[in-house]
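What follows is a single structure, written as structure tokens, with notes after it.
On a predicted model such as this, the values are computed, not experimentally measured, just so you know. Below, each value reflects all heavy atoms present in this structure, side chains not excepted, and no hydrogens, waters or symmetry copies.
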Amino acid sequence: GSKARKSGAIAEAETYFLEAWALLPDPKTDCDYYGQSLPRGMVTFYRDTKQFEKANHWLGVMREAYGPGPDVSVEFLAATVYFEAGDLNGAFRIFDALFKKYKQRPFQGENNKRYLEFYKQWVAGGK
């Protein structure tokens, strides 16, 4: 799936990813490692390929896999999906809750700087 994605064969990549998910025994979200990593990968894949409706579906699966209560990394990823889909209010609500609780920690990493900048601008009133 990753090879197909890198080559730009998005539909083929999706097929491979969904086949991998189908191979897990039920209940899939109870499987060690893969029960969490595959849904996370699907959310990221669909976000990055701008298939936001599918990304939102997999957010639900990912939240189920990570169990009760909000998980920082799961919620941060959810906020990035909302942001990329243009739901800036939804993204801000999650980013704001995370920032208030964890400060800049969830925003660390080169790929997350733009989300932190968005958050800071929104807070400053630069919506």
Side-chain angles (χ1 to χ4, degrees):
S2 295
K3 244 188 218 180
R5 180 180 178 191
K6 287 177 186 172
S7 73
I10 302 304
E12 182 182 353
E14 179 180 26
T15 299
Y16 285 126
F17 295 144
L18 291 172
E19 284 176 2
W21 179 251
L23 291 173
L24 294 181
D26 288 322
K28 296 175 184 327
T29 55
D30 286 353
C31 292
D32 290 337
Y33 183 70
Y34 295 108
Q36 291 179 341
S37 67
L38 286 175
R40 176 179 287 281
M42 294 302 288
V43 170
T44 303
F45 169 74
Y46 287 126
R47 179 200 63 199
D48 293 350
T49 58
K50 302 193 183 323
Q51 299 180 68
F52 301 116
E53 194 171 307
K54 291 178 182 179
N56 279 317
H57 164 76
W58 283 94
L59 278 172
V61 176
M62 185 175 68
R63 284 177 169 139
E64 179 186 338
Y66 277 78
D71 178 276
V72 175
S73 68
V74 169
E75 293 312 306
F76 188 86
L77 181 55
T80 69
V81 170
Y82 300 149
F83 178 86
E84 299 301 334
D87 179 1
L88 301 183
N89 288 322
F92 177 78
R93 277 193 300 277
I94 296 173
F95 285 145
D96 188 47
L98 292 174
F99 191 88
K100 285 177 177 171
K101 189 167 185 176
Y102 302 103
K103 303 297 179 216
Q104 293 187 27
R105 191 176 60 156
F107 296 88
Q108 292 178 348
E110 190 64 32
N111 294 333
N112 295 335
K113 286 183 180 180
R114 65 194 191 119
Y115 302 122
L116 180 58
E117 290 307 312
F118 157 76
Y119 175 76
K120 288 180 176 180
Q121 286 176 357
W122 195 281
V123 168
K127 304 175 190 177

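The environment of CG in D32 is sparse: at most 12 heavy-atom neighbours from other residues, nucleotides or ligands sit within 6.0 Å. Heavy atoms from other residues, nucleotides or ligands lying under 6.0 Å from OH of Y16 number 12 at most.
Residues L88 and F118 form a side-chain contact, since some pair of their non-hydrogen atoms from C-beta on lies under 4.5 Å apart. Looking only at side-chain heavy atoms (C-beta outward), V74 and R40 come within less than 4.5 Å of each other. Proximity of N112 to L116: side-chain heavy atoms (C-beta onward) are nowhere separated by under 4.5 Å. Using a 4.5 Å heavy-atom cutoff, the side chains of K120 and Q104 are in contact. R105 places none of its side-chain heavy atoms less than 4.5 Å from the side chain of L98. Side-chain contact between F45 and F17 is present, with at least one heavy-atom pair separated by less than 4.5 Å. In this structure, the side chains of H57 and M42 stay at 4.5 Å or more apart for every pair of heavy atoms. Counting heavy atoms from C-beta outward, R47 and L77 have side chains that approach closer than 4.5 Å.
Checked for salt-bridge contact, R5 and E12 miss the test: no charged N lies under 4.0 Å from a carboxylate O.
Listed for the K101 side chain is no donor-acceptor partner under 3.5 Å among the backbone atoms of A97. Counting only distance, with no hydrogens or angles, the side chain of N56 and the backbone of F52 share a donor-acceptor pair below 3.5 Å.
With rounding to the nearest 0.5 Å, the separation of CG in L18 from CG in L38 is 10.0 Å. Annotation: the span from Q36 atom CD to S73 atom OG amounts to 8.5 Å, rounded to 0.5 Å. With rounding to the nearest 0.5 Å, the separation of CD in E117 from NZ in K113 is 9.0 Å. Here the NZ atom belonging to K50 is positioned 5.5 Å from the CD atom belonging to E84, to the nearest 0.5 angstrom. Interatomic distance, CG of N111 versus OG1 of T80, reported as 10.5 Å (0.5 Å rounding). Residue L59 holds its CG atom at 5.5 Å from OH of Y82, rounded to the nearest 0.5 Å.
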Problem set entry | Evaluation steps, side chain to side chain donor-acceptor pair (under 3.5 Å), between Y46 and E53 | CA-CA 8 Å; Y46 287 126; E53 194 171 307; over 6 Å; no
For this session: Kindly determine whether F92 and V123 satisfy side chain to side chain contact (heavy atoms under 4.5 Å, CB included), including the steps that lead there.
Result: CA-CA 9 Å; F92 177 78; V123 168; 3.8 Å; yes
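Under a hydrophobic-cluster definition in which Ile, Leu, Val, Met, Phe, Trp and Tyr are linked whenever side-chain heavy atoms come within less than 4.5 Å, directly or via other members, L23 and Y33 are assigned to different clusters.
Here the rule is ring pair (Phe, Tyr, Trp, His ring centres under 6.0 Å) with Y115, and of W122, F95, F107 only F95 fits it. In summary, of the residues considered (F99, F83, F76), a ring pair (Phe, Tyr, Trp, His ring centres under 6.0 Å) with Y119 occurs for F99 alone.
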